[in-house]
Amino acid sequence: QVQLVESGGGLVQPGGSLRLSCAASGSIVSIYTMAWFRQAQGNQRELVAHFSSSTGLKYAESVQGRFTFSSDNAKNTWFLQMNGLKPEDTAVYYCNAQILATRGLTNNWGQGTQVTVSS
């Protein structure tokens with residue numbers, strides 16, 4: 001089985017920064033895609049950032065220039081550096097990955113971490 005464990009959420013003032021981390025573990029053969037999604041209360045889950053070797057790195061327009069995706073492939077870990085946070089960035093953030101595990105291809109979600117931007 002594969003597990004994704006997130007960390008790094010919290011409460012921050014507008015204009016502040018947070019860094020989210022997502023660590024994948026388990027019977028991993030290869031990670032095909034790595035992504036961050038978010039879901040604000042009452043809204044649908046939306047894509048924030050997505051990376052794959054075939055399509056490259058993409059950001060939602062609302063976070064372009066403020067959020068930065070990075071990864072440490074040796075540790076099966078990826079990050080979301082969030083700068084210039086706005087109240088509208090408040091949401092539960094989820095990491096996601098399509099992973100080839102020993103049992104086959106799996107679509108995996110982290111447990112979610114709350115990000116609250118408020119003064």
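Here the structure is a predicted model, which is why all the values come from computation and not from measurement.
At least one donor-acceptor pair closer than 3.5 Å links the side chain of S27 to the backbone N or O of Q1. Panel note: side chain D89, backbone K86; a donor-acceptor pair is recorded below 3.5 Å. Judged by distance alone, with hydrogens and angles left aside, the side-chain atoms of R66 form a donor-acceptor pair with the main-chain N or O of G84 at under 3.5 Å. Here the side chain of T77 pairs no donor or acceptor atom with the backbone of D72 at under 3.5 angstrom. At distances below 3.5 Å, at least one donor-acceptor pair connects side-chain atoms of E6 with backbone N or O atoms of C95.
Both V117 and Y93 are part of a single hydrophobic cluster, where members link through side-chain heavy atoms under 4.5 Å apart. The hydrophobic cluster containing L100 does not contain I28, counting ILVMFWY residues as joined when their side-chain heavy atoms lie under 4.5 angstrom apart, directly or transitively. Residues F51 and M82 share a hydrophobic cluster, clusters being chains of Ile/Leu/Val/Met/Phe/Trp/Tyr side chains in contact below 4.5 Å.
Atom CH2 of W36 is separated from atom OH of Y59 by 12.5 Å, given to the nearest 0.5 angstrom. Rounding to the nearest 0.5 Å places CG of L47 at 8.5 Å from CG of N96. Summarising the geometry, atom OG belonging to S52 is positioned 12.5 Å from atom CD1 belonging to I31; distances are rounded to the nearest 0.5 Å. How far NZ of K58 is from NE2 of H50: 8.0 Å, rounded to the nearest 0.5 Å. Remark: S25 OG to N76 CG distance equals 8.5 Å, nearest 0.5 Å.
A101 and V29 make their closest contact through C-CG2, 3.8 Å (heavy atoms, listed as atom of the first residue, atom of the second, distance). Nearest heavy-atom pair, W78 versus A24, reported as atom, atom and distance to 0.1 Å: CZ3-CB, 4.0 Å. Scanning all heavy atoms of the two residues, the minimum distance from V12 to G16 falls at CG2-CA, 3.7 Å. Of all heavy-atom pairs spanning L20 and G9, the tightest one is CD2-N, 3.6 Å.
V48 is listed as a side-chain neighbour of F67, based on a closest heavy-atom distance under 4.5 Å. Here the side chains of T68 and L80 are not in contact, with every heavy-atom distance at 4.5 Å or above. Side-chain contact between F79 and R19 is present, with heavy atoms from C-beta onward closer than 4.5 Å. You'll find the side chain of T113 stays beyond 4.5 Å of the side chain of V92, heavy atoms only. Side-chain contact between N107 and I99: absent, with no pair of heavy atoms (C-beta onward) separated by less than 4.5 Å. The side-chain heavy atoms of T90 and Q114, taken from C-beta on, include a pair separated by under 4.5 Å.
Remark: Q3 CD is loosely packed, at most 12 non-hydrogen atoms of other residues, nucleotides or ligands lying under 6.0 Å away. Heavy atoms from other residues, nucleotides or ligands lying under 6.0 Å from CD of Q44 number 12 at most.
Taking the six-membered ring for Trp and thresholds of 30 and 60 degrees, W109 and Y94 have ring planes more than 60 degrees apart, a perpendicular arrangement.
Looking only at atom types and distance, the side chain of N83 has a donor-acceptor partner in the side chain of Q81 under 3.5 Å away.
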Exercise for the section: Applying side chain to side chain donor-acceptor pair (under 3.5 Å), run through T116 and S118 and close with a yes or a no. Expected result: CA-CA 6 Å; T116 302; S118 175; over 6 Å; no

